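A short write-up of the structure that comes next.
Letters A, B, ... mirror the listed sequences (proteins, then strands); counts begin at 1. Here the structure is a predicted model, which means the values were calculated and not measured.
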Amino acid sequence: MHNIKEIRNDIESFTKSIKKRYIDLDIEEIILLDENNRKFIQKKESLEKEKKDISKSKNKSLFEKSKKISIEIEKISKLQLLAKIKLDNILSSIPNIPHNDVPIGKDENSNVEISKSGEIAEFNFNPKSHYKLGEDLDMLDFDLATKTTGSRFVFVKDKLALLERALSNFMLDTHIINNGYKEVSPPLIATADTMFGTGQLPKFENDQFELKLEDSPERKFLIPTAEVILTNTVKNQIIERKNLPMRLVASTPCFRKEAGSYGKDTKGMIRQHQFYKVEMVSIVEQDQCLNELERMTDCATKILDLLKLPYRKIILCSGDMGFSAEKTFDIEVWLPSESKYREISSCSSCSSFQARRMKARYKNENRETVFVGTLNGSGLAIGRTLIAIMENYQQSDGSIIVPDILRSYMNNIEKINKN
RNA sequence: GGAGAGAUGGCUGAGCGGUUGAAAGCACCGGUCUUGAAAACCGGCGUGGGGGCAACUCCAUCCUGGGUUCGAAUCCCAGUCUCUCCGCCA
């Protein structure tokens, strides 16, 4: 959420910055609504003052007049509220402004590779896709999921289910023990207000699974990522500086409609309506955002290092970043069956963009109350890590070697074989 | 699900129709004292918004939304949440 005061004070630089996002924005309308809103506020407040003075005077002869003023106030309030709602609707649908470090570009073609890591394995046979491997092992069942639930779901069974569980524990342990994150097991359902805080609402309502609630005007949603619920733990709060940075990690299912991606990645587990993800969230002092982003991204890549999976790190360009982000690193893991890198983690700094929406603040060193900085990153997406392990560790006979680091989490089995 | 109690500033907590934006304490900040610290004493200290270059000023805000009244933290109605007790249940 942007500060209308800042926009008003420097319309030109705001317009220039937001252009980097390649969105349509009617700045004239914003300015007009803002002016109207303030005009009505002034009118309303001068009437309120008048009314207050009458009431203070306790002069009975003026009481009748006061009643009339009340009616007038009500009329103007309605107009003011209308302008304010319209203005807020527009403001709350404008994405965050990209940081200066961020390359300018319209879509993923302008993303920039920063580094590559790990050895890409040579296969002396044709590497299979994860879904072929999984189906042959009888440990991934997409048809069964279609029968019970619908498309874009999967049954993970047997040793692959164990692998999935092991990954969750391994990642959590690493972030808790080595990276200073505090484990949280959060609710998987969030209120509309919470969804607004991190930027899922109002603009991305179509991507969310909403629960059907009887007899209640309240709206509730399945979380699309633990970022939503973890970041909002500080909403409507003034945090003590000594408690910053706050680092939280959770392993949760995530639910996404994937609207607008029909026909994309329909085969296999790449794009599902439900998947597990280990999510890191940091709440920091504003000026620490970029340092924390580097740190968080390292926490994510460390997992891939330990799993010995090849990956690359890229920085997203201005047009490809998520709504709330000012700067984002994506980590992409190598998938032999596709001979390309696929996203497995996304780490973003949201500056104070979400904090403003959530009203999450802290007292800085000058004892001023200011908005915190928020960051989130996957560490990592479990489903996609499962895929990457299957494909990169596959053998010619269709079995899958268990990475060393995971064996203690998997009853010390070394290989996943067909039963 | 049933029955009660409650929701006030960063925290604790008074107020229960008319300078109450709100006592008091704690915390915090500044100062005096002290070699330094503590203690003691003095002063300051909520949030959001509007106007103004500024000094400053105005409005809102005592869970949320309605209502009564010239006037509401205080009265009425609805809702949300929290706590206690009972019931049911993983």
Side-chain angles (χ1 to χ4, degrees), chain A residues 1-11 30-92 185-197 201 210-211 213-221 229 232-246 253 283 285-286 352-372:
Chain A
M1 188 84 157
H2 296 286
N3 186 347
I4 182 66
K5 264 189 199 166
E6 282 169 22
I7 297 177
R8 188 195 302 150
N9 285 342
D10 196 348
I11 299 171
I30 293 174
I31 298 306
L32 189 73
L33 283 169
D34 176 45
E35 277 172 5
N36 275 335
N37 180 41
R38 284 183 297 148
K39 198 179 71 196
F40 288 132
I41 287 174
Q42 285 168 41
K43 249 193 213 168
K44 188 180 78 173
E45 288 189 350
S46 74
L47 287 171
E48 273 165 350
K49 170 96 171 86
E50 203 176 330
K51 199 176 131 177
K52 212 174 191 177
D53 289 340
I54 291 174
S55 154
K56 263 186 192 161
S57 76
K58 299 185 198 172
N59 182 345
K60 279 192 181 164
S61 65
L62 293 171
F63 288 174
E64 209 41 47
K65 188 180 175 195
S66 175
K67 274 187 173 179
K68 278 184 192 147
I69 294 175
S70 294
I71 295 166
E72 188 64 18
I73 288 176
E74 203 171 323
K75 262 201 291 196
I76 295 169
S77 290
K78 270 183 188 155
L79 291 171
Q80 187 262 325
L81 202 66
L82 222 67
K84 173 87 168 111
I85 287 172
K86 250 180 156 172
L87 180 63
D88 280 349
N89 275 343
I90 296 174
L91 288 178
S92 59
S185 174
L188 305 179
I189 293 173
T191 59
D193 182 55
T194 295
M195 296 285 277
F196 178 86
L201 294 182
E210 181 170 2
L211 300 175
L213 299 176
E214 308 287 342
D215 309 320
S216 173
E218 210 187 351
R219 305 180 69 191
K220 291 194 171 159
F221 299 83
I229 202 90
N232 273 283
T233 55
V234 296
K235 126 176 124 175
N236 294 327
Q237 213 184 309
I238 298 175
I239 303 156
E240 292 200 45
R241 194 162 89 102
K242 63 174 192 223
N243 292 331
L244 298 177
M246 264 171 78
I283 313 293
E285 295 190 57
Q286 269 181 9
S352 56
F353 184 83
Q354 292 179 323
R356 198 180 292 282
R357 295 170 85 94
M358 295 189 299
K359 298 185 177 58
R361 293 158 297 174
Y362 75 105
K363 294 246 190 240
N364 70 9
E365 57 206 336
N366 303 322
R367 300 200 41 79
E368 299 157 324
T369 308
V370 294
F371 291 107
V372 296

Considering only heavy atoms and no angle criterion, is a donor-acceptor pair shorter than 3.5 Å present between the side chain of E45(A) and the base of G49(B)? yes
I'd like the C1' distance from G18(B) over to U32(B), given in whole Å. 41 Å
Taking the same atom, C1', in C42(B) and in G48(B), what whole-Å distance lies between them? 32 Å
Should K65(A) and E50(A) count as an ion pair when the cut-off is N to O under 4.0 Å? yes
Residue R8(A), side-chain atoms from C-beta onward, closest of G51(B), G10(B), A60(B): G51(B)
Output the single nucleotide from C59(B), G71(B), G51(B) whose closest atom is nearest the side chain of S70(A). G71(B)
Expected output check: what is the dot-bracket annotation of RNA chain B, where ( ) and [ ] are pairs inside the strand (brackets for crossing ones), | is paired with another strand, and pairs are Watson-Crick or G-U under 3.5 Å? ((((((((.[[[..)..(.....]]].(((((.......))))).((((((....)))))).[[[[[..)....]]]]])))))))....
What are the two closest heavy atoms between I238(A) and Y362(A), and how far apart are they? CG2-CA, 4.2 Å
Taking atom P in both C28(B) and A37(B), compute the distance separating them and give it to the nearest angstrom. 15 Å
In whole Å, what separates the C1' atom of G9(B) from that of C63(B)? 14 Å
Provide the distance between the two C1' atoms, one in U64(B) and one in A27(B), to the nearest whole Å. 29 Å
For RNA chain B, determine which residues of residues 50-69 of chain A have any heavy atom closer than 4.0 angstrom to one of its atoms, and list them numerically. K51(A), K52(A), S55(A), K58(A), F63(A), S66(A), K67(A)
Select base, sugar-phosphate, or nothing to describe what T369(A) touches, counting heavy atoms under 4.0 Å on all strands. sugar-phosphate
